[in-house]
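Atoms considered below: every heavy atom in the structure, side chains included; atoms not considered: hydrogens, waters and symmetry mates.
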Amino acid sequence: MKNILNYSYYPGCSLHASAQEYEASTRGLFKALKIGLHEVPDWFCCGATPAHNVDELLSLALCAKNLSLAENVAGDLAVACAACFSRLKTTQHRLIDNDAKRQQVEKAIDGPVPLGKKVKHLLEILARDYGLERLQSAVQKPLAGLKVACYYGCLLTRPPEVPELDDCEAPTIMEEVLKATGAEPVSWSHRMECCGANFTLSRPGVVLKLSGDILASAKAAGADCIMVACPLCHGNLDIRQGGIEQASGTRFDLPVFYITQLLALACGVSTERLGLESMIVSPMPLLREKSLL
Amino acid sequence: MHAAHKNHDFEPKIAAFVCTWCTYAGADLAGTSRMQYPPNVRVLKFPCTGRIDPVFILRAFQKGADGVLVSGCHPGDCHYMAGNFHARRRFAAFRQLLDFVGVDLNRLQFSWVSAAEGGKWVEVVTGLTERVRSMGPMREFKELELEEQWSGKVDTPELQEAYEAIS
Amino acid sequence: MKHSKMQLSAETMNLGFVKKVELLSGSSVRRCFQCGKCSAGCPMRSFMEHPPNRVVRLLQLGQYERVLAGRSIWYCASCETCSTRCPNKVDLAAIMDALRKLSWDAQGPSKESYVQLANRLFIENIRTYGRQYEMRLAAVFNVKSGQFLKDLMLGPKLITRGKLRMFHQKNRNIGEIEKIFSRIEEMRKNGEAP
Amino acid sequence: MSRIGVFVCHCGENISRTVDVERVAQAAARLPGVAYATDYKYMCSDPGQSLLKKAIAEHNLDGVVVAACSPRMHEKTFRKAAEATGLNPFVCEMANIREHCSWVHEDREEATAKAIDIVKLMAARVRRNRRLAAITVPVTKRALVIGGGIAGIQAALDIADAGHEVVLVEREPSIGGHMAQLSETFPTLDCSQCIMTPKMVDVANHPKITLHTYSEIEEVGGYIGNFQVTVRKKARSVDMAKCTGCGVCMAKCPQKKIPNAFDKDMGTRPAIYVPFPQAVPNTPVIDRENCTYFKSGKCGVCAKVCGPCAVDYTQQDELVTEQIGAIVVATGFDLYSIEPKPADSPIQGYGEFGYGTIPDVIDGMTFERLASASGPTGGKILRPSDGKEPKEVVFIQCVGSRAREKGISYCSKICCMYTAKHTMLYKHKVHDGQAYVFFMDARTPGKNYDEFWRRAIEEEEAVYIRGMVSRLYQKGDKVVVMGSDISVGIQVEIEADLVVLATAVQARKGADTLAQKLGISYDKYNFYSEAHAKLKPVECATAGIYLAGACQGPKDIPDTVSQASAAAAKVMTLFAKDQLEREPIVARVNERFCAACFACKKVCPYGAVEEKEIRDRQGNLIRVVASVNPGVCGGCGTCQATCPSKSVELDGYTDEQVMAMIEAL
Ligand SMILES: Cc1cc2nc3c(=O)[nH]c(=O)nc-3n(C[C@H](O)[C@H](O)[C@H](O)COP(=O)(O)OP(=O)(O)OC[C@H]3O[C@@H](n4cnc5c(N)ncnc54)[C@H](O)[C@@H]3O)c2cc1C
Ligand SMILES: Cc1cc2nc3c(=O)[nH]c(=O)nc-3n(C[C@H](O)[C@H](O)[C@H](O)COP(=O)(O)OP(=O)(O)OC[C@H]3O[C@@H](n4cnc5c(N)ncnc54)[C@H](O)[C@@H]3O)c2cc1C
Ligand code: SF4
Ligand code: SF4
Ligand code: SF4
Ligand code: SF4
Ligand code: SF4
Ligand code: SF4
Ligand code: SF4
Ligand code: SF4
């Protein structure tokens, strides 16, 4: 088997801003694993939730435009953000047997929609394309003793016909990837509950409640930290954690890692490239306690 | 009530191919209910619409019918489970064939009349009679002596196709 | 209207509107048999005045004004829980999208202005910059919503961690995004798109 | 036929009022082939029939047209009269000039002209009628019942009590089916075993019933009255003739830890076992997959301890062929499982309810075993995870049912009632416990059913919540139920000790395979199809095969037993005759012209067309042609209309007859 994997890459807006640690650790990890990532030049925002919320056609057109830009870069399209992933896949799903809609979108972007371009979330690339066994053997510094709550959120599995990533109610892909690092996934109840990402700006109160429940559930299950695969989830669970603690009067102190951060750490990528210092809830005490630094 | 008898220039002859379980019984019901309809129809009874060979329809047109009605049970109600289903598929292919040989499809009607639908029988027969009457006598086809071709042999691609569509 | 009796008749049931929703969402409304499973799992239920199942019910009855007048549709988080678990595959998340679009097009008779404002700014951002420019988004939202102090504490923290960029990233091909927007507007004007 | 008699009826004034019957008779007399024509006031009256008989004899008639009412009214009458004179009844036909003419037209001229036409058509037809002989087939008065649940047991006992032989084939080592697993049964709450076991014993002891347990149908051939059925008797490894049922082998078998499927895996059983203590027959079988001897050649304890030396490790499957006249299919149902479905499955399943990962989420049948006095807990309600008595129990209805996208779209019909029953049984056993039920509708349309449901609420204090559940999850030793009450419009959360899912009733796995062996049809859910939903609810469209119980659709016990007795009655009706007689309207193949395309076989709704081998005297195969089994043919004529070479003909509706009528138009 030829082991050189190469992907076109759609980072999405957050990875160039609030989720820069996700971007950094992704690049670091993929380099260590010798997986090629080639950023699609001049990609646009996928429209995220606000666009489809009020204007399906716009949302589809934005994603279609990105897909057609991605056509210029060889390889399946790697996507880091769960929301971008969901929007791009939704676009393909909605247009594949709806000629009328497809024609509208084609007209809007003045070109064909590449429905055949395979869109893959990083998780899928790591667990399936690269493979769990290889991942395991790439681990140099097992994260032994680290108890992690894997958080899927909404869009990695729902609705089942769109992401086609894993079982929509009982997914295991994150836990499997995590286990490859030697860390221990905890079993907890809120791994697929919604964090309220959409209301970060407009109704932070919503976020406090929903994300608060998630944090509480992870804490109750004995997790040391949370692992996410989406910058929006991260924003709520990490950036807002302080606010949630204040509002609820509970102390969580749960660092929220991106999946690539933990993997990169285990694979021996230099800690400078993990963006650990960008995290609002500092992971340093935990990592030191577990002797993982 | 049937409108008082009028003299029409032309009284068409309608042949009705019906199944015994549904439409024949429906026509009986029209009778027991003393409903009235034009006397132009001649009923030929079959066990099932599944028995009705498209050739019969062609022959009826040749032999003096100006309009043909084929009527059986509603889909799913066939006494023989699926006879009318096969008939439907057969006739779908057959209509194209008729069209091809130049029969105005308005002269041919397929319908579902159940044993409980005396009223519908009256409606269908009246409607078809009036329609065909307004179309005038069916000359073209009677004059064509297509008998050889229509003896049921599979020697036209259209008929072949029609049969293949049945399976 | 909230508590007024529903007077049902062929005229008062606006089924044309419901057809539009069905067309936009690609999901049947009639299929719903009011099991309430959607509402049971909706994370946003406690913020809505009509639970999701009732939104569908009101549509079944053609009572769309009651739906649009409330803030339920704007409080849906698009989490897809309802659509995933509905025994009849009523795609409620898509129906919510459709309702928001119709409400949006009708200049939002709904009460929920903050969510709408955030959406509007987000989309404007895309049109202007091609990508999200979080700093501007937050700043403008705060100004426009009058919530100057909101998240005040977060901003500096984010900036020091490099999470909020003072300057935006702009695409070289930014002209294309404007074209997409204007083509869609054109198509709508010509009635070629919903 | 060239000497046809035409008899035109006045029907009092019913016909003669609008149709000039005399003119019809006169016109008829001039038709080709008509030798005699007359009219009469009441043809169906005794004098009318005598007139017909006399005319046949006097004028030496060989065909008859009675122009009168609908054949649906009196065809039998006149055919019988004609037959009495020695004429073949099938050369007598009716021309319908009443329902199709005199009653629907007012204009005398027009009606008379039409009546003449109608007579003309029928006369043309009768000229081409053939003499047909009624078809008779012998009946083997021995019934096969497939499936030994309550349906099969009831049908077998009814038929056997009527004095006919019955062969009962049951797949499992014991008869009893689902009912044997139930605790107490709605709507009267009597103990299932108490009413079931005596019937099972009756089956075992009935002199007319041959019982094949641990057996399956291998092959079915033949047709109504004359089936040949091969039964595979799977190797029990115990000689039924020698075994006394003492049970020593089971007590001594060292392999004791095999999950007991009868108890929904809550208890264990040995490798040599009977499924439950009251099993019929009470002869154990060795479960070869789990027996040490069969796996490694060691052990052999059971053979050693068996006094009568009944254990036989060398036993082989045995094939038995039975001659059968009628078949009752009573193979029952399966319960829907909420396990994850394979990727290619059209239904998704219920991952949100825990995929069997939460131990205290169980299904209704498991609850039955918990509540059953002879179950693994001795009738105490104890939850599987830790054996504690649950104080808060949540029941969820319609799991898998009525869920066209996640499960199946039909209503399972029994779960509303058994859930109400479960809440009562629970309350009877755990007085301080609270039962909650999430439901959409309560479907209780049976005698005393709604009253039963109301009792569960009003007297046994079950809390019914109208609304479904989104998700279940484990929290400590509780199961959190995330539901909603749509009447109030508010979400409901319950931390339950035990959750019971009313999972859907599904067709038996493999029901389609059995259907194909039997040549019966089944719906898209694999339930067997009855011939007519209302008027032939127990007959299959395939003659001689009948349905009983839940194999035809979800059913409770009262419905199952009614249907089983009805199926038995149908079998007895069939067995009341030695020969089956039927109208000879059947198709025949002209073997000389048959091109062996088998288009007819494909369209025949009854599977009546067979492939027949034609051999020369030396037995060499010359060719294969179609052949219609007259016992099976329903007489629809679809084959004839389909045959491209016109090699198959339906008696009574030959092309010649039809064409003659068309010529006469
Ligand atoms: C949890 C639960 C509770 C219930 N409670 C009640 C109640 O309180 N009251 C009530 O009226 N009803 C109740 N029912 C319904 C009742 O169980 C059914 O009505 C009844 O069992 C149907 O009987 P049956 O003989 O048709 O099917 P089954 O009981 O399923 O019997 C079918 C038999 O056929 C055998 N079989 C299957 N396939 C083959 C084959 N290919 N060859 C040979 N044999 C075969 C099977 O092994 C089985 O023995 C309940 C059902 C459930 C699930
Ligand atoms: C509005 C309505 C709609 C329905 N629609 C459907 C439907 O769509 N599908 C369906 O499956 N079912 C339907 N049903 C149900 C259906 O009508 C019944 O299931 C069915 O008629 C019951 O038949 P029966 O012979 O038991 O009773 P009945 O039809 O009541 O017949 C009983 C007969 O006994 C006679 N009788 C009574 N007492 C005596 C006596 N002392 N001596 C002699 N004779 C007596 C009566 O005169 C009557 O003729 C419907 C019922 C209603 C009311
Ligand atoms: S029921 Fe079917 S088969 Fe019977 S007569 Fe009607 S169409 Fe024909
Ligand atoms: S889950 Fe589906 S069927 Fe049930 S109430 Fe919601 S939309 Fe309706
Ligand atoms: S998509 Fe919207 S309505 Fe549906 S469950 Fe999520 S928040 Fe509720
Ligand atoms: S096999 Fe032998 S030991 Fe076992 S029950 Fe029968 S007679 Fe007893
Ligand atoms: S031979 Fe098999 S069945 Fe017999 S005692 Fe040993 S393990 Fe049990
Ligand atoms: S019987 Fe009741 S619980 Fe069962 S499927 Fe029907 S409605 Fe649901
Ligand atoms: S359709 Fe005609 S030719 Fe073909 S197998 Fe049947 S009888 Fe023979
Ligand atoms: S007449 Fe009908 S039932 Fe008989 S063989 Fe032909 S197709 Fe089959």
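Looking at A:L58, the atoms closer than 4.5 Å to chain C (heavy atoms on both sides) sit in the backbone and in the side chain alike. With a 4.5 Å cut-off on non-hydrogen atoms, A:T157 does not touch chain C at all. Of the two parts of A:T49, only the side chain, counted from C-beta on, holds a non-hydrogen atom closer than 4.5 Å to a non-hydrogen atom of chain C. If you measure heavy-atom distances from A:L155 to chain C, the contacts under 4.5 Å come from the side chain alone. Interface remark: A:K65 contributes side-chain atoms only to the contact with chain C (heavy atom separation under 4.5 Å). For A:Q103, no part lies near chain C; criterion is any non-hydrogen pair under 4.5 Å. With a 4.5 Å cut-off on non-hydrogen atoms, A:Q104 touches chain C through its backbone and its side chain both. Using a 4.5 Å cut-off between heavy atoms, A:D213 does not touch chain C at all. For C:I123, the part sitting under 4.5 Å from any heavy atom of chain A is the side chain, from C-beta outward, and nothing else. Interface residue C:Y75: backbone and side-chain heavy atoms are both found under 4.5 Å from chain A.
Residues C:S83 and A:R158 bring no donor and acceptor atom of their side chains to less than 3.5 Å of each other. A donor and an acceptor atom, one from each side chain of C:E49 and C:S72, are located under 3.5 Å apart.
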Would A:T200 and A:N236 satisfy side-chain hydrogen bond (donor to acceptor under 3.5 Å, both in side chains), going step by step from the backbone distance to the final call?
CA-CA 7 Å; A:T200 302; A:N236 283 336; 3.3 Å; yes
Apply side chain to side chain contact (heavy atoms under 4.5 Å, CB included) to residues C:V90 and C:V29 and explain how you reach the verdict.
CA-CA 7 Å; C:V90 174; C:V29 165; over 6 Å; no
A:K89 and A:H121: CA distance, side-chain angles, deciding distance, side chain to side chain contact (heavy atoms under 4.5 Å, CB included) verdict
CA-CA 10 Å; A:K89 291 276 270 192; A:H121 190 270; over 6 Å; no
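In terms of modelled atom types and a separation under 3.5 Å, the side chain of C:N14 and the main chain of C:G62 share no donor-acceptor contact. Judged by distance alone, with hydrogens and angles left aside, the side-chain atoms of A:S25 form a donor-acceptor pair with the main-chain N or O of A:Y22 at under 3.5 Å. A distance-only check finds no donor-acceptor pair linking the side chain of C:S103 to the backbone of C:L99 [under 3.5 Å].
Most heavy-atom pairs under 4.5 Å with chain A: of the set C:E186, C:R100, C:R188, C:R120, this distinction falls to C:R100. Chain C forms the most heavy-atom pairs under 4.5 Å with one residue out of A:P159, A:G196, A:G242, and that residue is A:P159. By number of non-hydrogen pairs under 4.5 angstrom with chain C, the leading residue of A:D110, A:N198, A:L62 is A:D110. Contact count against chain A (heavy-atom pairs under 4.5 Å) is highest for C:N173 among C:N173, C:V115, C:I177. With chain C as the partner, the residue from A:K107, A:M192, A:K209 showing the most heavy-atom pairs under 4.5 Å is A:K107. The most heavy-atom pairs under 4.5 Å with chain A, out of C:C76, C:A98, C:S182, come from C:C76. Across A:E56, A:R94, A:E193, A:E21, the residue that shares the most heavy-atom pairs under 4.5 angstrom with chain C is A:E21.
Under the 6.0 Å distance and 45° angle rule, A:R203 does not count as a cation-pi partner of C:W74.
Between C:K89 and A:E161 the shortest side-chain heavy-atom distance falls below 4.5 Å.
Remark: aromatic rings of A:Y9 and A:H38 are distant, center separation not under 6.0 Å.
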